[in-house]
Protein chains: 4
Amino acid sequence: MIIILKRNANKEKVENLKTELVNQGFKLHLSEGTEASLIGLIGDTSRIHEDWLKANDVVEDVRRIREPYKKANRSMHPDDTVIDVCGRKIGGGSFQVIAGPCSIETKEQITEVAEDVKRSGAAFLRGGAFKPRTSPYAFQGLHEQGLDLLLEAKKATGLPVVTEIMSAEHLPLFDDVDIIQVGARNMQNFELLKVLGKIDKPILLKRGLANTLDELLMSAEYIMAGGNEKVILCERGIRTFETSYRNTLDISAIPMLKKKTHLPVIVDPSHAAGIRFMVEPLAMAAIASGADGLMIEVHNNPEKALCDGAQSLTPEMFDHLMKKVDKAADFFHSLG
Amino acid sequence: MIIILKRNANKEKVENLKTELVNQGFKLHLSEGTEASLIGLIGDTSRIHEDWLKANDVVEDVRRIREPYKKANRSMHPDDTVIDVCGRKIGGGSFQVIAGPCSIETKEQITEVAEDVKRSGAAFLRGGAFKPRTSPYAFQGLHEQGLDLLLEAKKATGLPVVTEIMSAEHLPLFDDVDIIQVGARNMQNFELLKVLGKIDKPILLKRGLANTLDELLMSAEYIMAGGNEKVILCERGIRTFETSYRNTLDISAIPMLKKKTHLPVIVDPSHAAGIRFMVEPLAMAAIASGADGLMIEVHNNPEKALCDGAQSLTPEMFDHLMKKVDKAADFFHSLG
Amino acid sequence: MIIILKRNANKEKVENLKTELVNQGFKLHLSEGTEASLIGLIGDTSRIHEDWLKANDVVEDVRRIREPYKKANRSMHPDDTVIDVCGRKIGGGSFQVIAGPCSIETKEQITEVAEDVKRSGAAFLRGGAFKPRTSPYAFQGLHEQGLDLLLEAKKATGLPVVTEIMSAEHLPLFDDVDIIQVGARNMQNFELLKVLGKIDKPILLKRGLANTLDELLMSAEYIMAGGNEKVILCERGIRTFETSYRNTLDISAIPMLKKKTHLPVIVDPSHAAGIRFMVEPLAMAAIASGADGLMIEVHNNPEKALCDGAQSLTPEMFDHLMKKVDKAADFFHSLG
Amino acid sequence: MIIILKRNANKEKVENLKTELVNQGFKLHLSEGTEASLIGLIGDTSRIHEDWLKANDVVEDVRRIREPYKKANRSMHPDDTVIDVCGRKIGGGSFQVIAGPCSIETKEQITEVAEDVKRSGAAFLRGGAFKPRTSPYAFQGLHEQGLDLLLEAKKATGLPVVTEIMSAEHLPLFDDVDIIQVGARNMQNFELLKVLGKIDKPILLKRGLANTLDELLMSAEYIMAGGNEKVILCERGIRTFETSYRNTLDISAIPMLKKKTHLPVIVDPSHAAGIRFMVEPLAMAAIASGADGLMIEVHNNPEKALCDGAQSLTPEMFDHLMKKVDKAADFFHSLG
């Protein structure tokens with residue numbers, strides 16, 4: 001970390017700052033230039049916040065040299081993390097598809113979709129029981145009853161299940177869930193992240209609509225710092241000025257996250273697009289850019305879906321897509 | 001709500017859609033044009049989600065005519081909502097200042113700051129006990145002990161207090177808090193909003209970093225739909241491409257929110273800027289644009305602050321600012 | 001186009017508006033609802049600007065039903081436009097790669113790179129003679145001399161050339177250039193677009209950093225309205241809040257543009273990323289999402305490049321990339 | 001400027017880089033830490049582009065310490081620049097209002113508006129003859145004839161005039177124009193900026209919709225580097241995700257620009273909002289935040305305006321606004 005001092009900074013105050021930094025265990029490296037006087041901090045700066053330094057009267061600005069995340073950092077852990085869920089590996093060269101409806105609606109719906117997506121090759125079943133909806137007047141999910149239906153579909157098909165948690169209070173209901181999802185709007189619900197850091201279950205952490213990659217990794221770090229290192233990251237589109245689609249899929253995030261971290265990274269093209277016809281090209285782009293998996297919305301009757309029907313594929317469309325997904329994953333695997 | 005049908009849409013499917021909409025209680029108004037065929041929906045469309053319609057195969061797009069929020073909508077409630085907290089009115093022409101440190105750190109700190117800001121004319125004391133921090137390694141607040149210290153400062157000064165809640169589980173600790181704050185990162189923590197909708201206490205709802213005004217109002221609607229209509233909105237800067245300041249204060253939000261809703265709207269220039277010298281000009285701009293109040297960070301020793309020191313004013317600076325705030329509020333009040 | 005009237009709009013003024021619209025040749029379709037009263041405009045609304053209607057005192061808002069671009073609109077021209085440049089087809093299923101240095105620096109540099117990229121399979125040579133640089137103190141390009149060197153490299157290799165124009169005054173120098181590029185910063189330099197609309201030469205139009213797809217298509221429409229229908233669109237990254245890369249490649253733009261327009265769409269992963277290691281995954285994603293081609297920066301000595309060296313590939317890296325590009329283009333072509 | 005070296009960077013290559021930097025006239029300051037090895041550059045780094053350094057194989061990243069603009073930098077020129085136009089001072093404590101229609105339409109229109117705004121206290125008349133319109137089918141301005149009408153209105157009223165240039169070729173027509181405006185879309189039309197740097201006439205430079213403050217200052221630097229130091233900056237709203245208004249007025253830009261530069265800064269609330277009722281609160285906010293002036297759109301018949309009627313004030317509204325503007329400017333001047 002580099003501290004840029006103000007021109008004409010009070011010398012006594014500069015000395016006080018230096019003393020305090022030394023007392024905190026840092027070595028200092030000083031540099032006087034025509035442009036500026038600098039203090040370089042040598043030591044573990046992940047526990048220092050830039051703002052604390054900027055509050056000091058003699059400090060003009062601060063430049064961080066190393067990222068503030070540690071456990072999620074690839075430089076600390078060069079090999080890919082591989083998460084094994086019921087024998088299905090996520091990360092490290094495996095490619096997995098999670099599929100299912102946005103919301104769990106009825107026993108028939110979730111079981112039928114589960115059987116369909118299994119037949120087409122999905123490795124995991126998704127389905128929401130607790131639904132974060134912008135409007136309080138929209139369908140909010142079946143809650144506990146929805147989780148029960150999801151677990152029945154799991155039993156019927158053998159597919160491990162992924163579903164979203166919206167409050168730490170609901171955690172006891174998630175005992176038989178295989179992967180717990182944290183939605184985009186909760187990516188910085190730190191109280192929830194802390195609770196999930198203390199359990200032994202994979203967490204699928206979705207990037208917030210306006211969160212940087214470093215913030216996503218800091219949220220992963222919240223979970224990992226608690227002891228749970230099974231974190232799967234998910235890019236699902238960010239918010240920009242463009243209005244032709246619901247969100248803008250940040251495909252550049254895939255290679256950059258793979259460089260910054262050892263954690264697996266998957267892509268949700270359904271939420272990113274919000275429009276059915278875009279799911280396939282975005283899924284292909286995700287595979288091509290190096291993602292470790294996909295999360296796809298599938299509904300047996302999208303026109304009657306209680307949530308997100310516009311982006312849901314029918315089982316037939318999904319089957320068609322999976323044939324291409326398999327070929328593309330093989331192609332890029334062999335391309336290296 | 002206007003439904004735009006696809007060119008060459010299957011006629012039978014269009015008839016099915018129309019039947020379903022009629023069954024849901026809507027009157028339909030049909031229009032055939034060279035550009036497109038349209039269906040206008042007449043009735044309460046706040047309970048319909050555009051996505052449900054877009055999922056239909058014959059629908060090309062949907063345009064909403066009326067906003068989906070009702071209780072927060074000024075068209076349903078033309079007069080300003082005025083919230084009375086311990087005799088201090090927020091909204092409807094009154095102007096109030098909330099001030100205090102980002103984090104509660106020690107008994108001396110919070111009590112000293114409380115006395116200082118009271119002397120300068122602040123109407124409310126703020127201070128965080130639960131702190132949402134990007135890094136798990138940063139100071140997370142004093143939690144329960146912090147709330148105790150805040151309530152002691154309240155007792156010592158008589159100032160009503162505002163503090164942030166991060167989880168519904170902590171609600172029992174907030175009994176003597178006068179205004180409960182929902183932070184920007186929790187603006188769409190819908191489970192928390194639902195819980196706050198069932199209590200009888202004013203809620204200060206901060207706009208999320210990348211949330212539209214309509215989303216902010218939908219989050220207010222979550223609280224109001226539960227029965228708690230005492231919601232105060234707070235603009236605190238949005239995330240843009242500009243990096244010279246922490247966030248970009250969206251000053252246009254003030255007049256637009258005042259048009260859309262009857263709820264009071266205040267501004268937090270400290271978080272918007274992240275830099276001390278900008279607090280005054282942004283506070284003045286907030287008053288000038290019609291805000292109902294300000295929330296300002298004040299610390300008795302910003303250089304030692306455990307959080308956000310860079311944007312905190314010293315009590316002396318705050319006193320200086322308050323003299324200007326009072327004059328400016330009077331000036332704009334008399335200007336009309 | 002749908003005009004939403006204000007509640008309690010003055011009836012006489014509404015009648016005046018209706019008369020004026022009828023006089024302009026529109027048929028009107030009226031709708032009275034509990035939500036709002038609407039006027040639907042039937043006719044060619046591409047010549048009406050929403051703002052003109054919004055200026056009217058009785059109008060609350062306006063919703064456009066059809067896009068305002070015509071010549072660029074796929075609904076008017078369902079087949080892909082194929083642009084033939086010296087026998088190389090762009091669009092309609094062909095896949096082409098444009099490669100070369102950011103700036104033309106010396107005769108040796110541009111000729112050497114031209115030979116290298118030709119050998120690896122590039123179909124076009126790129127190189128900038130007029131460089132739009134943020135700083136006036138940065139290298140601005142070799143101008144006329146640079147164009148001469150580019151044309152020498154064209155002669156030496158037979159590769160058709162692509163280069164950027166920054167002012168209509170320079171057009172006479174571009175006689176032997178095969179494709180004229182309009183850079184992102186000039187996407188809405190309408191005076192330049194109008195001049196380019198009157199020539200008979202393909203134009204490579206780059207999307208501006210903060211321009212919507214509809215604005216990009218309106219800029220294409222400027223050129224096409226002048227008579228020049230040979231427009232190639234180029235996605236090169238947009239500006240967002242993310243700072244890990246220079247720009248955010250908007251991969252969703254590819255399938256959406258292919259739906260909105262018949263014009264070819266290529267991708268520039270080099271400028272989008274600004275970092276060398278990301279060029280390959282982004283290039284693969286572009287192919288996977290359906291792009292018609294790529295534009296890649298190659299420099300024989302990136303560390304000495306006068307511009308954008310950080311994102312330039314060496315000829316060896318480019319050769320390696322082209323082997324993958326060819327395979328991926330074939331793979332996705334056969335996948336359908 | 002700080003160069004962060006890669007871990008395990010090749011030592012010979014590092015030595016080569018150091019030699020090259022020394023040859024370019026820089027003094028180097030080296031720092032070896034546990035986090036990273038750094039090279040500090042001491043000397044004038046405004047002529048070095050970060051990308052050139054990042055292209056080097058041994059460089060991981062680069063952090064700039066000082067801004068790359070010089071002539072526009074307040075640190076080089078602590079006093080406010082005051083630009084005198086026909087005896088009206090812009091900058092340095094004076095407050096000026098520029099008013100008039102978006103487009104010049106007829107002799108009657110521009111003269112009538114000129115007389116109206118003069119009577120209400122505007123110091124300058126604005127009016128567009130060359131109009132940058134998103135659509136080629138929209139009214140493009142009266143061009144040369146429009147400038148003639150503007151100059152007639154100048155003669156009739158004595159008001160100095162401000163009007164936009166869209167191409168350097170049109171410059172000869174601007175001889176009698178008092179301030180030449182560069183629009184937001186041309187902020188990085190560097191060829192135009194260079195031409196304007198060689199004339200002796202004030203330039204009103206509008207910030208681009210997605211340009212940072214540093215980019216705005218670099219564009220000012222283009223003009224100033226050519227010798228023309230009479231640059232007036234104008235904030236007119238930026239592009240964000242919010243859709244309730246056309247653009248988001250970046251009010252924070254005012255105090256930050258005043259800190260970064262000595263140039264005058266004015267605000268255009270009309271374009272920022274795009275909606276009439278927001279012009280007044282945004283104008284007040286601009287004054288309160290420290291702006292040196294305002295640019296306001298006024299039309300004698302907004303409902304018939306050929307451009308931007310929705311945001312134009314009538315002369316009566318403008319007169320009403322100016323009474324408040326005068327009072328507010330006086331109030332904040334006396335507040336200090």
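Here is the naming used below: chain letters follow the sequence lines, and residue numbers restart at 1 for every chain. Worth saying up front: this structure is predicted, and the values here are computed from it rather than measured.
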Toward chain D, the part of B/Ala272 with a non-hydrogen atom under 4.5 Å:
neither
If you count heavy-atom pairs within less than 4.5 Å of chain D, which of B/Glu215, B/Met278, B/Met256, B/Glu280 leads?
B/Met256
What residue in D/Gly290, D/Ala273, D/Ala328 has the most heavy-atom pairs under 4.5 Å with chain B?
D/Ala328
Please check this pair: side chain of D/Lys324 against backbone of B/Phe332, looking for a donor-acceptor N/O pair closer than 3.5 Å.
no
Atom group of D/Leu282 that falls short of 4.5 Å from chain B, counting heavy atoms
side chain
Just so I understand: if I count every heavy-atom pair under 4.5 Å between each of D/Asp214, D/Asn211, D/Asn247 and chain B, which residue has the most?
D/Asn211
Who among D/Lys323, D/Met284, D/Arg239 has the most heavy-atom pairs with chain B under 4.5 Å?
D/Met284
Any side-chain heavy-atom pair of B/Phe331 and D/Asp330 under 4.5 Å
no
Identify which part of D/Ser244 has an atom lying under 4.5 Å from any heavy atom of chain B, answering side chain, backbone, both or neither.
both
Proximal component of B/Ala286, with respect to chain D [non-hydrogen, under 4.5 Å]:
neither
Okay, B/Ile275 and chain D: the region with an atom under 4.5 Å from a heavy atom over there is side chain
Of all heavy-atom pairs linking B/Pro281 and D/Pro255, the shortest is CG-CB, 3.6 Å
Could you tell me which non-hydrogen atom of D/Leu213 sits nearest to which non-hydrogen atom of B/Glu242, and how far apart they are?
N-OE1, 2.8 Å
Which region of B/Ala210, side chain (C-beta onward) or backbone (N, CA, C, O), has a non-hydrogen atom less than 4.5 Å from a non-hydrogen atom of chain D, or is it both or neither?
both
B/Lys258 versus chain D, heavy atoms under 4.5 Å apart: side chain, backbone, both or neither?
neither
Between D/Asp250, D/Thr243, D/Ile287, which residue shows the highest count of heavy-atom pairs closer than 4.5 Å to chain B?
D/Asp250
Given a strict heavy-atom distance threshold of 4.5 Å, which part of B/Lys260 is in contact with chain D: side chain, backbone, both, or neither?
side chain
By a 4.5 Å heavy-atom criterion (distance strictly below it), what part of B/Ile238 contacts chain D: side chain, backbone, both, or neither?
side chain
Interface moiety of B/Ser252 toward chain D, non-hydrogen atoms closer than 4.5 Å
both
